[in-house]
Peer 1: 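This structure is in structure tokens; I'll ask about it shortly.
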Amino acid sequence: MLAHRALVIAMLPAIGLRVLAVLGFPPAILFYGDSFAFLREELTPGTTRPSGYSLLLAVLRPAHSLTLVTVLQHLLGLALAVAVYALLRRRGLPGWGAALLVTPLLYDEFLVLLEHMIMADAVFIVLVTAAIGLIVRRVSPATAAVGGLLLGLAGITRTVGLPLLILTAAYLLIRRYGWRPLVALLVAGAIPLGAYATWMKVEKGKFGLTEADGNFLWSRTMSFADCAVIKPPERLAVLCPDMPVAQRPYPPHWLWESFSPLLKVPGAANRNQLAGEFARQAILAQPGGYLGAVATDLTQLLRWERTAVDEKTPYKLPASERPISESVRGVAESYEAGPAATRVVEPFAGWLRAYQRFGYVPFPLLVLALIGALVAAPLRRRWDALLPGVAALALVVSPPFLAAFDVRYVIPAIPLVCLAVGLTFAGTRTPFIARRAEPTERREPAEVA
């Protein structure tokens with residue numbers, strides 16, 4: 001215990017923050033329509049998001065307790081910090097150094113917030129970080145299979161996890177770990193993905209994970225699309241925006257708001273297909289506008305303050321109670337078997353709201369740490385650090401290309417950046433070409449004199 005006292009000291013206040021969340025905002029924080037879509041009793045493949053998290057909620061449904069869900073997510077967050085700490089200690093970091101590197105996992109207010117939300121993000125973060133951590137700890141067919149399974153589950157939890165399976169496979173291939181771990185990773189990862197896609201085929205006639213990838217990419221193009229330049233065919237012209245670029249709202253609004261031409265297209269599958277075609281034509285016709293919109297979004301990573309005091313955002317802890325909309329109230333109350341609206345219990349809620357104003361890793365520091373790890377890891381021959389580093393980069397950069405920047409989309413990179421930095425400065429160097437495990441040499445027992 002003395003060897004890990006730095007971690008124990010760091011854990012105690014972190015546990016306290018999560019206790020404040022449970023006491024201050026029972027039974028859970030509900031996020032717009034997303035939480036209610038996950039909570040629905042009928043299990044079907046999601047149209048705009050995969051339903052992997054819904055499957056977990058279905059397993060926990062018999063308890064009829066949203067508090068159970070949030071407590072479980074808080075425990076998973078704490079366990080993830082311990083696991084990253086253990087891996088960094090195994091690689092040679094001192095106790096204080098490993099504990100310091102997991103403090104963002106323990107104390108970042110957004111991680112605490114996501115753990116207390118009925119949203120897929122907290123589970124997704126645990127799945128991705130556990131998979132990457134397991135593979136960099138030791139590569140074997142068994143660990144690769146478990147890692148692939150976790151990444152496959154992450155992919156049916158949030159589709160942004162799909163590229164990570166490909167990146168991990170590339171890592172095993174480039175490092176020459178052999179064909180067995182590579183095949184084990186891909187086969188295990190394909191099991192949940194294939195099963196979910198087959199379910200989608202049976203239920204909705206389409207082999208895939210969602211029916212909204214085209215919608216999201218189309219909403220991205222609303223930042224710059226000019227139909228006078230794109231010249232779309234008549235069947236796509238209905239998706240042209242009818243307001244000047246300078247007056248257009250942020251891309252996500254084009255998915256749901258009544259002014260969106262997307263809502264004029266009947267049928268979810270047809271809408272998604274036409275939106276995807278329009279988006280691809282827009283990007284090819286206006287590549288500069290597309291890259292400019294992405295670059296503008298990425299500049300938000302340079303913003304020091306995560307949310308301004310007067311900024312309207314769903315990511316602030318509520319200061320007052322708000323009734324659930326009548327259209328979805330029954331969904332939440334059926335799961336809870338009683339009132340399910342978020343309650344605000346003072347003084348615990350106020351203490352946590354005060355902490356939220358300063359208890360986070362500023363994004364510029366996170367980006368600086370990530371770039372530093374990606375540059376230093378090859379120089380120090382810490383090749384294992386590149387996998388979590390590149391995975392974190394993919395999670396941060398890909399959303400602005402596929403949809404839009406959102407603060408919530410950056411948070412899953414935090415544990416991976418901490419892991420990459422820790423492995424970069426760990427004491428053990430790793431060869432670029434992985435050494436195959438040699439059979440243990442048999443030794444004869446020494447003769448007794």
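Quick caveat, the model's predicted, so the values are computed rather than measured.
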Peer 1: Just grab all the side-chain hydrogen bond (donor to acceptor under 3.5 Å, both in side chains) pairs involving residues 400-416, residues at least two apart or on different chains.
Peer 2: Asp121-Arg408, Tyr315-Asp406, Tyr315-Arg408
Peer 1: Considering residues at least two apart in sequence or located in another chain, which fulfil the salt bridge (charged side-chain N to carboxylate O under 4.0 Å, His left out) criterion with Glu333?
Peer 2: Arg329
Peer 1: Is there a donor-acceptor pair under 3.5 Å between the side chain of Arg61 and the backbone N or O of Leu39?
Peer 2: yes
Peer 1: Identify the two heavy atoms, one from Leu106 and one from Leu17, that lie closest to each other, and give their separation to 0.1 Å.
Peer 2: O-CD1, 4.4 Å
Peer 1: Backbone N or O of Ile118 within a donor-acceptor pair of the Tyr53 side chain at under 3.5 Å?
Peer 2: no
Peer 1: Return yes when atom CD of Glu305 has more than 12 non-hydrogen atoms of other residues, nucleotides or ligands closer than 6.0 Å, and no otherwise.
Peer 2: yes
Peer 1: For Trp256, does the CH2 atom sit with more than 12 other heavy atoms under 6.0 Å from it, leaving out its own atoms?
Peer 2: yes
Peer 1: In chain order, what residues pass the side chain to side chain contact (heavy atoms under 4.5 Å, CB included) check against Val390, with sequence neighbours excluded?
Peer 2: Leu167, Leu374
Peer 1: Only counting residues at least two apart or in another chain, list the ones meeting side chain to side chain contact (heavy atoms under 4.5 Å, CB included) with Pro362.
Peer 2: Trp304, Tyr360, Pro364, Leu365
Peer 1: Rounded at 0.5 Å granularity, tell me how far CZ in Arg280 sits from CD1 in Ile230.
Peer 2: 13.5 Å
Peer 1: Would you say Gln300's side chain and Phe405's backbone share a donor-acceptor pair under 3.5 angstrom?
Peer 2: no
Peer 1: Check residues 149-156 and write down every donor-acceptor pair under 3.5 Å in which the side-chain atom is one partner and the other belongs to a residue at least two apart or another chain.
Peer 2:
none

Peer 1: Working note: Met222 + Leu262, criterion side-chain contact (heavy atoms from CB on, under 4.5 Å); need CA distance, chi angles, decisive distance, verdict.
Peer 2: CA-CA 11 Å; Met222 291 300 98; Leu262 189 67; over 6 Å; no
Peer 1: In the structure I gave you, are the side-chain heavy atoms of Ser51 and Thr44 within less than 4.5 Å of one another anywhere?
Peer 2: no
Peer 1: Please enumerate all residues that pass side chain to side chain contact (heavy atoms under 4.5 Å, CB included) together with Lys206, with sequence neighbours excluded.
Peer 2: Glu211, Asp213, Asn272
Peer 1: Can you check whether Glu257's main-chain N or O pairs, donor with acceptor, with Ser260's side chain at less than 3.5 Å?
Peer 2: no
Peer 1: Is Arg306 reaching over with its side chain to a backbone N or O of Val361, donor-acceptor style, under 3.5 angstrom?
Peer 2: yes
Peer 1: Listing request: all salt bridge (charged side-chain N to carboxylate O under 4.0 Å, His left out) pairs with a residue in residues 13-24, at least two apart in sequence or in separate chains.
Peer 2: Arg18-Glu115
Peer 1: Kindly state each residue pair satisfying ring-ring contact (aromatic ring centres under 6.0 Å, His included) with at least one member in residues 6-29, sequence neighbours excluded.
Peer 2: none
Peer 1: Does any part of the side chain of Lys316, heavy atoms only, come nearer than 4.5 Å to the side chain of Glu311, both counted from C-beta?
Peer 2: yes
Peer 1: I need the minimum non-hydrogen distance between Gly46 and Lys204, along with the two atoms involved.
Peer 2: C-NZ, 3.8 Å
Peer 1: Just wondering, do Ile283 and Leu217 contact through their side chains at under 4.5 Å, heavy atoms?
Peer 2: yes
Peer 1: Under 3.5 Å, side chain of Tyr290 to main-chain N/O of Ser223, donor-acceptor pair present?
Peer 2: no
Peer 1: What is the minimum heavy-atom distance between Gly147 and Leu134, and which atoms define it?
Peer 2: N-CD2, 3.9 Å
Peer 1: Restricting to side-chain hydrogen bond (donor to acceptor under 3.5 Å, both in side chains), what partner residues turn up for Lys201, sequence neighbours left out?
Peer 2: none
Peer 1: Is Pro50 close to Thr159 at the side-chain level, that is, under 4.5 Å between some pair of heavy atoms?
Peer 2: yes
Peer 1: Quick one: list whatever passes ring pair (Phe, Tyr, Trp, His ring centres under 6.0 Å) with Tyr171, sequence neighbours left out.
Peer 2: none
Peer 1: Report the C-alpha distance between Val69 and Gln73 in whole Å, list the side-chain angles of each, state the deciding distance to 0.1 Å, and finish with yes or no for side-chain contact (heavy atoms from CB on, under 4.5 Å).
Peer 2: CA-CA 6 Å; Val69 177; Gln73 291 178 170; 3.8 Å; yes
Peer 1: Please confirm whether the backbone N or O of Thr424 pairs with a side-chain atom of Arg380, one donor and one acceptor, at under 3.5 Å?
Peer 2: yes
Peer 1: Does some side-chain heavy atom of Glu346 sit less than 4.5 Å from a side-chain heavy atom of Arg353?
Peer 2: yes
Peer 1: For a quick test of reading the model, state the closest non-hydrogen atom pair linking Ala404 to Pro252 and the distance between them.
Peer 2: CB-CD, 4.0 Å
Peer 1: Determine yes or no for a side-chain-to-main-chain donor-acceptor pair under 3.5 angstrom, with His64 supplying the side chain and Tyr335 the backbone.
Peer 2: yes
Peer 1: What's the verdict on side-chain contact (heavy atoms from CB on, under 4.5 Å) for Leu402 and Phe216, showing C-alpha distance, side-chain angles and the deciding distance?
Peer 2: CA-CA 7 Å; Leu402 302 175; Phe216 280 100; over 6 Å; no
Peer 1: For Leu80 and Leu105: C-alpha separation, side-chain torsions, deciding distance, then whether side-chain contact (heavy atoms from CB on, under 4.5 Å) applies.
Peer 2: CA-CA 8 Å; Leu80 182 65; Leu105 283 68; 4.3 Å; yes
Peer 1: Should Leu352 and His116 count as side-chain neighbours, where that means a heavy-atom distance under 4.5 Å?
Peer 2: no
Peer 1: Considering all heavy atoms of both residues, which atom of Ala212 and which atom of Thr48 are nearest to each other, and what is their separation?
Peer 2: CB-CA, 3.5 Å
Peer 1: State, to 0.1 Å, how close Pro62 and Ala58 come at their nearest heavy-atom pair, and which atoms those are.
Peer 2: CD-O, 3.7 Å
Peer 1: With sequence neighbours left out, what residues match Ala37 under side chain to side chain contact (heavy atoms under 4.5 Å, CB included)?
Peer 2: Arg49
Peer 1: Which residues pass the side-chain hydrogen bond (donor to acceptor under 3.5 Å, both in side chains) test with Ser325, not counting sequence neighbours?
Peer 2: Ser327
Peer 1: Is it true that a side-chain atom of Asp108 and a backbone atom of Pro104 form a donor plus acceptor pair closer than 3.5 Å?
Peer 2: no
Peer 1: For Phe363, does its backbone N or O pair with a side-chain atom of Arg303 as donor and acceptor, under 3.5 Å?
Peer 2: no
Peer 1: Can you name the one residue among Leu114, Leu317, Thr70, Leu66 that meets side chain to side chain contact (heavy atoms under 4.5 Å, CB included) with Ile29?
Peer 2: Leu317
Peer 1: With heavy-atom distances below 4.5 Å as the criterion, would you say the side chains of Leu165 and Leu185 are in contact?
Peer 2: yes
Peer 1: With the side chain counted from C-beta on, respond yes when Asn215 and Trp218 share a heavy-atom pair under 4.5 Å apart, and no when they do not.
Peer 2: no
Peer 1: Return yes when atom OH of Tyr250 has more than 12 non-hydrogen atoms of other residues, nucleotides or ligands closer than 6.0 Å, and no otherwise.
Peer 2: yes
